[in-house]
Every structure is written in C-alpha cells, then in structure tokens.
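Some notes on the structure that comes next.
All ligand and atom numbering here is 1-based and tracks the order in the structure.
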Amino acid sequence: MRWRRTWTRHRNKVFIGGFMTLLFIALSPSSPISHILKKEEEGVVIVNGERKRDYNDYEYLKTEALQTGPGEGGIPATLPPELEKEKDGIYKVNGFNGRLSDEIALNRSLKDIRHPKCKDILYLAHLPNAAVVVPFHNEHWSTLLRTAFSAYNRSPKHLLKEIILVDDASTKDFLGSKLDNYLEEHLPIARVVRLPERWGLIRARLEGAKHATADVLIFLDSHTECTTNWLPPLLEPIARSYKTAVCPFIDVIDFENFEYRAQDEGRRGSFDWEFYYKRLPVLSEDEANMPQPFKSPVMAGGLFAISSKFFWEIGGYDPGLDIWGGEQYELSFKIWQCHGVMYDAPCSRIGHIYRKFAPFPNPRTDNFIARNYRRVAEVWMDEYKKYLYMRQPGWLETDTGDISEQLAVRERNKCKPFKWFMENVAFDLEKHYPLIEPPDYCNGTIQSMADTKLCVDTKFKGQFDRLDSLGECSSSSQFQFQLSAFKDIRPLKSHNCWDVPDLKDKQAPVLLFGCHKGLGNQMWKYDMMNKMILFGHPPTHCLDSSTSNREIFVTRCDMNSPTQKWRWGFVNEERLSKYDQLDPKP
Ligand code: UDP
Ligand code: MN
C-alpha cells in the first residue's frame, strides 16, 4: 500500500506540473491548440459568478420547422378513410389510436408551449449526464419509438448517455428481435433489457436503473414525447444538489388524434386519504417566480429525474411493490423525509398519452394494490396511516409481507417523521383533504316533491354528460348524494361534483366535473323551509325537474314551483342553520 500512495502523490505532481505547462503553451496565441481551448469555452457566459450555457439547439429547430405531414407541430391528425378499417383492432390493445400514430413521423415536430421566458434561460455549463429508462409492457411500435427518438433528438448529445427500454414480458412479436435490430441500426444509444416474466412497472424501472451507468436516472412512460430543450431543466437542480428529484410538466397527447396540448400551467402534487393522486395550487411566491422550478410534495409518478446516487442511497423503489400503485408516494415520501427535495420544472415539458381505457388484464389474483399501499403506509406514514385505514379498513386484511429492509432504509438514512413532511412540505394538504371528513349538511336520497316516487338518479351517460334522469326512488347506492361540507353536491363518496358552468340558458344542465372545492359553479345550498336546492352565490337559481321526461336542470328560483321542491334523506339541521357562517371546510 505504501508504495502506491507515494506513487500517487508523485503522479499528481507530475500531472499538475504537466498541466500548468500545457496551459501556458495553450494560452499563447500562437499555440496550435489555443483554438481547441477557446472552442470549449464557446457559448459559456458567466452569470452571477456561474458558468452558464445556452442549450437551445437552433440547427435542429430550423430543420424541424420545415417538416410537413400528419400531426406535425402537434396539431390534431386524422386517419385517411381507407385506413379507418385498421383502426379498431389496434385501438383495443392500446387504449389509444395506435394506427393513427403509425401515420405520424417518429421525429414529428411539436409546438413550443413553454412559458415564454424558457427560451432565454441559460443553464449551468457543466451538467451531469443522464440515462433514460423506459419500462414497457406490450407498447405499440410507433409510440414506443417516438418516445426514444424524441428524447434523443431533443437532447444535447453529450448529456444523454443511454436509453434503456425495459421489456416487461411483452408478448407482441415486433417487440422482440425486430426491436433490437431496429434500434441497433437507427438508434444505437438505445438498448432493450428484458425481464423473464411480468414484474410490473415498478420492478421494471428498478431493473432499468440497475443497468444504467449515467449520473442521473430519468424515467419515462413508453408513450411520451419530449419537447424542445427538455433535458437541462431536469438536470440543473440535481447538479446543484444531488439529493434532488425533478419532474417535468406533463402535457397531454390526445389518445384519439395525437394533438399535443397543455394539461395546465402547473400544480403541486398531493394525495387524498384514500390515496388518490391529487393536486394542490401553486404557491403565490412560486407563481411570481415562474418559470423557475418550484417544490412539489408528491410526483405524478411516471416521468421524473433523480440522481442515481440519491436513488440508491434511499434504496431505489421498494422491490416488494408489485406491478403498479403506490410507488409515486413511496419515492416522494422517501425523497422528502430522507433529506432530499423535489421540484417541478416548468421549462421541461413532456407529453404523455393518457389512455382512453386500460387495455391490459389484471395480471394478479390477489389485491396487490392494497398491499403496496399498506407497505408505503406502514414504513413511511407513522401515525397518519390510520387516516387511510379509517376509510379503507379492508387494507388491514392484506399482509404487507416483509418490510424490514424498508424500515432499515429509513433508519440508515435517519429519515424524518411523516409529521415533518405534513407540516413542512404538504402543509396545505389537510386544508384540501382533511384527515377526518367534516360532516355533510345533507345526504341520502333527493326526492322530488312534485312526484314523490321519483328521486335524483346518478345514472349519467358519462363524466361530462348531464345527469339525465329522475328514477324510481330506492335505497340503492345510485340514489345516494351528499351536500358536503365543501358546499358541493356529489354522488356519495364521489370525486365528481354537480357543476353548472353556464347559467345563461333558461334551463341550464347540471354537469359533473371533478370536485374543486372552490365554491363558484359548484356551490349549492339547501333551503330547509322551502325545500329548495339553491345554486350560486348569491343563489338566484334552483334545482328543477321535468317529471314527464325525468330531466333535471337549473332554472330561476320560483317559490311556487312544485318541481323545484326536494326532500333530502337526512338533513343536519344544526349545521345547515349555520351554513352562511361556516367556511367550506371542517
Ligand atoms: N408497464 C409495465 N408493466 C406493467 C404495466 C405497465 O412495464 O405491468 C409500463 C407501461 O408500458 C408504461 C408504464 O409502465 O410505460 C406506465 O403504465 P401505463 O402507461 O399503463 O400507466 P398509465 O400511464 O396509463 O397510468
Ligand atoms: Mn402511461
């Protein structure tokens, strides 16, 4: 050992001496390598003492702008009529219009919908390199390849080290050697890792991460498209501090016509106490700082970057999480509780095809999702887990399996309690998703006083269709509603609320939209005395119905109209009498 140390020291001296000489020669203007050094510095500017660089690829943007064809620029595309007959079979196995995807170029151009300031942002001149990891199970050919090509084409080449596609036991023929050969010829930076059997997306991501050698892991779904300059905004916060994960903004690629469009301009990720993924408003100080990255409590799950070092320090994903479900909570809690930080980066936008329906059959016979949720709750959520079990007592009947390794991760990293996460990171979660449900103002059936055998019926045609009927009253669940503490009306335990977006009509339809708990066009009130269900603030309109065609709608309130009179199954009179004084929360 001794001689080795001496040699190292000696070698360093030789190296430093050599370097100084080289630098001296290089900096003299007549030196043959002076232009190389200069070139390396080209484009680097010093901003507030930091070396920064413009990563926009102007050449690529120029060639892209000349492309023509279906779906170019992310505008909606249509199938030529002669191909319509090939549509359905492919649709069924994907949950999106795969046949149309095949008509769209693998390197199609996309419009730039980023915040206008994004174009001008410079990023650190030195950034870590990245591996893109994409798990797939029976993905469609052109959507899988478009994922890989868009990531590659729109990345600074020195920053993207590898693309690892993890085949989770796909059975489609073309995903075998045909895919390997295609990649070898057309996209050699990408390779396929194959799993021996269906492990699900969590362990597929883990396996891909194990094969990756880059500094940063970037996980993508297998039907996504990375947009211009997507990579540097994900890498920079990690370059500054390695205990960091960064999520892009996730845009929508339309499952039917492949249009590329924004979902919104950002929210903070969250969850409710049944473990539904939810989103919280952006904080006003973050809004003022746009488009700088802002902190987010929970990732959406499929698309994010994390330093490989930090990922493995916190044990990667729990390998006991089967197939899918709960992994975004596990990793988010771990990142925060184990001394890391998570950001959303508005200047990195990636499109995702949200499927029209789930095309794969459930690969397990047991309740793997409940087990996953329980593992996350037991390891990370401390006393807060009871608020989940209160609503889902069935989860307690599921055995977590061995969680000793996960508890050891928590111990080893001296991770903080969940209470710290709730108070410091997800500090406004409870306001939107209270631990204990506040009591309803009214609930049960909503019976028409004009024809007492009729009640409001949840049998609606689809999420955005109007509730179309009154039905024959019964105690079955389709007749159960709540006038909740949030002052909205919803089918019992539903996350969709009665919403009247347009009051201009004489008879305005009552639609169902995701409950936003923000009053406005979801604010309802029950007038106990007159038995009327009032809408709006101030309430000018009332729930009305036509007992002949059994439709319900909203019209101007009329005290004398029997079709505007309703009886709730249960009325919390004491609470209702304080309705105007109570905040729309607990
Ligand atoms: N996936 C996988 N194995 C599975 C299920 C899904 O590898 O058992 C992949 C899938 O191909 C996709 C990602 O995991 O790349 C997320 O799944 P999916 O897109 O079906 O979920 P969604 O986005 O619809 O929630
Ligand atoms: Mn997906």
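Between the side chains of R205 and Y317, a donor-acceptor pair is found at a separation under 3.5 Å. Side-chain atoms of S307 and K243 form no donor-acceptor pair, as typed in the model, at a separation below 3.5 Å.
Excluding water, every protein N/O/S atom under 2.8 Å from the Mn ion (ligand 2) is given here by residue and atom: D221 OD2, H223 NE2, H352 NE2.
The cationic group of K172 does not satisfy the cation-pi geometry with F136, failing either the under 6.0 Å distance to the six-membered ring centre or the 45° limit from the ring axis.
In this structure, the ring of Y433 has its center no less than 6.0 angstrom from the ring center of F271. Residues H223 and H140 keep their aromatic ring centres 6.0 Å or farther apart. In summary, the aromatic rings of F418 and F421 are positioned with their centroids under 6.0 Å apart. Ring-centre distance between W141 and Y182: below the 6.0 Å cut-off.
Considering only heavy atoms from C-beta on, P297 comes within 4.5 Å of R268 through its side chain.
Rounded to the nearest 0.5 Å, atoms NE2 (H211) and CG (L206) are 12.5 Å apart.
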In a simple table, one pair per line, please give the protein and ligand 1 atom names for every N or O pair closer than 3.5 Å, along with the distance.
residue, atom, partner, partner atom, Å
ligand 1, 3 (N), D168, OD2, 2.6
ligand 1, 8 (O), D168, OD2, 3.3
ligand 1, 8 (O), R198, NE, 2.7
ligand 1, 8 (O), R198, NH2, 2.9
ligand 1, 11 (O), H137, N, 3.1
ligand 1, 11 (O), S222, OG, 3.1
ligand 1, 15 (O), P135, O, 2.8
ligand 1, 15 (O), S222, N, 3.0
ligand 1, 15 (O), S222, OG, 2.7
ligand 1, 19 (O), D221, OD2, 3.1
ligand 1, 19 (O), H223, NE2, 3.0
ligand 1, 19 (O), R355, NH2, 3.2
ligand 1, 20 (O), R355, NE, 3.3
ligand 1, 20 (O), R355, NH2, 2.8
ligand 1, 23 (O), D221, OD2, 3.0
ligand 1, 23 (O), H352, NE2, 3.1

